[in-house]
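Taking it in order: structure first as structure tokens, then the write-up.
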Amino acid sequence: MTSPIAEAADPFLAGLNQAQQDAVLATSGPVLVVAGPGSGKTRVLTHRIAWLIEREAVHPSEILAVTFTNKAAREMRHRVEALLGGRDVAGLVMGTFHSFGVRLLRQNPGLVADRLGVLPNFVIYDDGDQVETAKRSIIAVGLDPKQIAPRRVLSRISAAKSLLLTPEEFANAAETYDDEVIARIYKDYERALRKANAVDFDDLLALPIRLFDAAPSVLERYQQQFRHILVDEYQDTNRVQYVLVAALADKHRNLFVVGDPDQSIYGWRQADIRNILDFKNDYPDAREIHLELNYRSTRRIVETADRVIRDNTQRIDRRLRTENEDGERIILRELSDGQHEAQFVVDEIRRVTTRDGFRFDDVAVMYRTGAQSRVLEEAFRRSEITYRIVGGVRFYERKEVKDILAALRLLYNPSDEISLERVIANYPLGKGIGPKALDAIRTWATLQGRTLLDGFIALAPSLEANHSAPDLVGSGRAAAQKVGVVFAELRDEANRLALAELFDAIVERTGYRAGFDQESEEDLERWANVLEVRADMERYDLLPPGESLPTYLEQVSLVSAVDEMEDDPQGRVTLITLHSAKGLEFPVVFIAGVEEGLLPISRAIEADASGDPAPLEEERRLFYVGITRAEKRLYLTLAGGRATYGRWQASDSSRFLAAVPQQHLHTLGRREAARTGPSPRGSSLGDRVRQRSLDDWAPPAAPARTTAAPAAPALPTVTYVTGQRVFHPKFGEGTIREAVDRKGEQELAIDFKRHGVKRLLSSLAPLEVIG
DNA sequence: GAATGCATGGTTTTT
DNA sequence: CCATGCATTC
């Protein structure tokens, strides 16, 4: 071991504080890192991996790192490679729990088929497929999907799977009649999945564990392989994930988990905060390291976050600190309704970007429910501000995209009836096939023990004399025959063709392409989406034949909302749910809808009222997560009421606001609200918060908003060059690092002494050349 | 079997 | 309010 001074000079430790260095260097035995927001945990993870590879000669393939999103995994991989001076770490196993689960199943096809009954060409059912399957199972057990909500059933099934309960175990543990009903549906749901050779998200975690149980030698092999296991966002792991990690780490015991109990926001997905709280019980020799110094946000933001989270009773007491400058006050603004709130956000973003030197992509607008994005989006559309919505209607959820994927999945896995039925229902090729024809073919398939698709193919003209075929006559038979012919051809060609060619064959021969009206604006846009799928597929054609289709389908199933979020040079404002925003950071953050019923969500309020405070505390953590995403400036907005289901609903300001320290708050007036507010409001908690804060308000101490003089409109065009020193009223002195010419202006990267590198437009930034 | 029109109910968060 | 599902009609 080298001396501390030599360590600090080590490139893998450079720039890390003592606690961070400790975390990097504690490479033997279990380690729990409790990392507050902005405390540099990603740096710790990447430096640790680099350290292991370079200094301890651990081969990349001996390291497993689990992240919360694929995007995080990609970025981490790049950072590790950069730390290693560009060295390739291809063997490093890095990804989400789910992608790792798929990997385990794919790597053991024989055993998975043999012991678990899941054939190698399984497909992953997405949310919609799961709902559809659950619905059918409800019907199969003689119930009505309108009486029992498929979604509720699914969430119960998911919870059961997260606890590794089989349908039988679940049935045995049933306490109420409702449980028994769910148990019966669960059983049929599993049967349906296996019959379709499909797995759901929870299976991706549970099946590997069942595989390990059935074949301990497989587990041993992985235990042997993964000398080091790192898990990020450990506070959001559930029981299955815990068991999986614990099993894999059992041999070498080099388990390194990073998390923050205060950022646990997935309790509803069975994330179990005990995993992190009990880590020291599970591993008595565990080293515990705390990262509490926040490098991300201003002191006002950090103190506000700290004060807010202190109201939670179910937490370990600790303090989030920072050495950063005070920064600006948090801006609170109440508007009359959702529309005005959205307009305020848009107007404020315009100011922030034209006057204060921020770019669109410095800004994020966060909200509790996806539904809130709609009003916001409308306001953005009316403005000139470019934006992107993370989540929302996801690309792969679009009808036309799902149609294409259904055909591909069917070709890959002919047992996938949900996809077949989707093809029949949505492709021109499926015209003329109704429930009657489908029924006849299904009967035949069941009798013959063949797939539904085989039924269609059996109807196609064949050289084979009097082979068995479904009992169908007339137009139904003709239509089904056509389907059989086309899919028999496609199936035969699927292995020979490149993915993109297979795509072309599908859209041509099924008449799918012809079904788009080239005159219709809407159709053109949808067709553009379909073509985007094709472009996406081309990238997979680099893989060996036979691997491109499964890899593509798998990738599509496992992308998360955040994964789809690309870094864009054009600069767009990000609209995102608070949940999806976890792990991200932005110079300017708006949290919209800080209202009772929304944040905290009404269900949490109800649970609290009936004696269960846990959901409410999770809401508070969600607010905490939102606050701590902000680096420089934080806006909180709320509406006096909003239209839900087309109905007006008044709302009170969130109880969480009462915790925001007055000295950090700047409440903006509400002239606009009084002008158009549809309904006057009584004296709410929100009013009291507002009133008090108005009384206390003093002009912001930070230079911020008021000092930035409007850029002189007649400013002569200055051409900036690299190395030039400039002065900015807000950011102070800086040096031009980069100057790129854009029609009539320049895009400048300026390294400010106190604020770091900012990207500004020469036409907008009030810059003064000095020296 | 397809097109049209009416009723119903859904918004918490996601891999 | 809007999307989905179902019933009615051709």
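Because the structure is predicted, anything quoted here is derived from the model rather than measured. Here is how names work: the chains are called A, B, and so on, in the same order as the sequence lines, proteins then strands, and each is numbered from 1.
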Whole angstrom is fine here: how far is it from [atom1] in [X] over to [atom2] in [N]?
X	N	atom1	atom2	answer
A:L205	B:dT14	CG	P	18 Å
A:D203	B:dT15	CG	P	18 Å
A:R642	B:dT12	CZ	C1'	14 Å
A:I605	B:dT12	CD1	P	13 Å
A:D236	B:dT14	CG	P	13 Å
A:I601	B:dT11	CD1	C1'	8 Å
A:Q241	B:dT15	CD	C1'	9 Å
A:R603	B:dG10	CZ	P	10 Å

Can you tell me how far the CH2 atom of A:W268 sits from the CZ atom of A:R603, to the nearest 0.5 Å? 12.5 Å
Find the distance between CG (A:L420) and CZ (A:R409) and round it off to the nearest 0.5 Å. 12.0 Å
When you measure from the side chain of A:S580 to the backbone N and O of A:T577, does any donor-acceptor pair fall under 3.5 Å? no
Can you tell me if A:E341 uses its side chain to pair, donor with acceptor, with the backbone of A:A592 under 3.5 Å? no
Scan A:F68 against the nucleic acid and name what it touches under 4.0 Å (heavy atoms): base, sugar-phosphate only, or nothing. nothing
Identify whether any heavy atom of A:S580 sits under 4.0 Å from a base atom; if not, whether one sits that close to sugar-phosphate; answer base, sugar-phosphate or nothing. sugar-phosphate
CZ/A:R274: more than 12 non-hydrogen atoms of other groups inside 6.0 Å: no
Under 6.0 Å from the ring centre and within 45 degrees of the ring axis: does the NZ or CZ of A:R106 meet both conditions for the six-membered ring of A:F122? yes
Between A:D127 and A:E619, name the one whose nearest nucleotide on DNA chain B is closer to the 5' end. A:E619
A:T69 vs A:I433, nearer the 5' end of DNA chain B by closest nucleotide: A:I433
Phosphate-side-chain proximity, A:T577 and B:dT12, N/O vs OP1/OP2 below 4.0 Å: no
Between B:dT14 and A:Y266, is there a base-stacking contact, meaning the centre of the base's six-membered ring lies under 5.5 Å from the residue's ring centre while the planes stay under 30° apart? no
Given A:E619, A:E595, A:E618, the one that forms side-chain contact (heavy atoms from CB on, under 4.5 Å) with A:P600: A:E619
B/S/- along nucleotides 3-10 of chain C (protein heavy atoms under 4.0 Å) is --S-----
In terms of side-chain heavy atoms of A:R269, which of B:dG1, B:dT14, B:dT12 is nearest? B:dT14
